[in-house]
Amino acid sequence: MSHDILERLMAVLEARKAADPGSSYVASLYARGVDGILKKIGEESAETIIAAKGDDDGQVIYEMADLWFHCLVLLAHRGLTAEQVLQELDRRFGLSGHEEKASRKSTE
């Protein structure tokens, strides 16, 4: 189910590239460019942090959904996909965090 949601969202985000920024929130984000999208991700990150400090799990889920959504907007803006992120997570599966970090250092 979750993979299907990501695919559907990515398709909508891609379609919004051709939309009028005055009629589409996502198109208005694209029109603001990377800096505008990153500003929104920063705002959503802060809201997620604030929600996580509280006791309302529903608010954490709500804010996390906003954060994920805006991260997907960034991916689409850059021509990247959620599938690519899932592939990277799959590549890391089974590696300890220490091993994964060490593998990045050897390629830098």
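Numbers here simply count residues along the sequence, with the first being 1.
Scanning both residues, Leu72 and Ala82, for their nearest heavy atoms gives CD2-CB, 3.8 Å. Of all heavy-atom pairs between Ala19 and Ser24, the closest is CB-CB, 3.8 Å.
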Can you check side chain to side chain contact (heavy atoms under 4.5 Å, CB included) on Phe69 and Val26, steps first, answer last?
CA-CA 10 Å; Phe69 175 81; Val26 172; 3.6 Å; yes

I'd like to know whether Val85 forms a side chain to side chain contact (heavy atoms under 4.5 Å, CB included) with Leu80, so could you lay out the CA-CA distance, the side-chain angles of the two residues, the decisive distance to 0.1 Å, and finally the verdict. CA-CA 9 Å; Val85 175; Leu80 302 170; over 6 Å; no

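No chain of hydrophobic side-chain contacts below 4.5 Å, direct or via other Ile, Leu, Val, Met, Phe, Trp or Tyr residues, connects Ile61 to Ile5.
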Which atom pairs, donor and acceptor, lie under 3.5 Å between side-chain atoms of residues 8-17 and protein residues at least two apart or in another chain?
from: Arg8; atom 1: NH1; to: Asp4; atom 2: OD2; distance (Å): 3.2
from: Glu14; atom 1: OE1; to: Lys17; atom 2: NZ; distance (Å): 3.2
from: Glu14; atom 1: OE2; to: Lys17; atom 2: NZ; distance (Å): 3.4
from: Lys17; atom 1: NZ; to: Ala76; atom 2: O; distance (Å): 2.6

Name the atoms and distances for all side-chain donor-acceptor pairs under 3.5 Å in residues 50-58, with sequence neighbours left out.
from: Asp56; atom 1: OD1; to: Gly58; atom 2: N; distance (Å): 3.0
from: Asp56; atom 1: OD1; to: Gln59; atom 2: N; distance (Å): 3.2

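With rounding to the nearest 0.5 angstrom, the CG atom of Leu74 is 10.5 Å from the CG atom of Leu29. Distance check, rounded to the nearest 0.5 Å: CG of Leu67 to CD of Glu43 gives 11.5 Å. Considering CD1 of Ile37 and CZ of Arg78, their distance stands at 10.0 Å, rounded to 0.5 Å. Note: Lys40 NZ to Leu38 CG = 13.0 Å, rounded to the nearest 0.5 Å. We find the CD1-CH2 distance between Ile41 and Trp68 to be 14.0 Å, quoted to the nearest 0.5 Å.
At least one donor-acceptor pair under 3.5 Å links the side chain of Ser23 to the backbone N or O of Asp20.
Ile49 pairs by the side-chain contact (heavy atoms from CB on, under 4.5 Å) definition with nothing, not counting sequence neighbours. Residues satisfying the side-chain hydrogen bond (donor to acceptor under 3.5 Å, both in side chains) criterion with Thr48, sequence neighbours excluded, are absent altogether. Remark: Glu47 engages Glu44, Glu63 in a side-chain contact (heavy atoms from CB on, under 4.5 Å) (not counting sequence neighbours).
Two residues are said to be in side-chain contact when any heavy atoms from C-beta on lie closer than 4.5 Å; Leu75 and Thr81 fail this criterion.
Within the structure, ring-ring contact (aromatic ring centres under 6.0 Å, His included) pairs that include any residue of residues 19-59 comprise Tyr25-His70, Tyr30-His77 (at least two apart or interchain).
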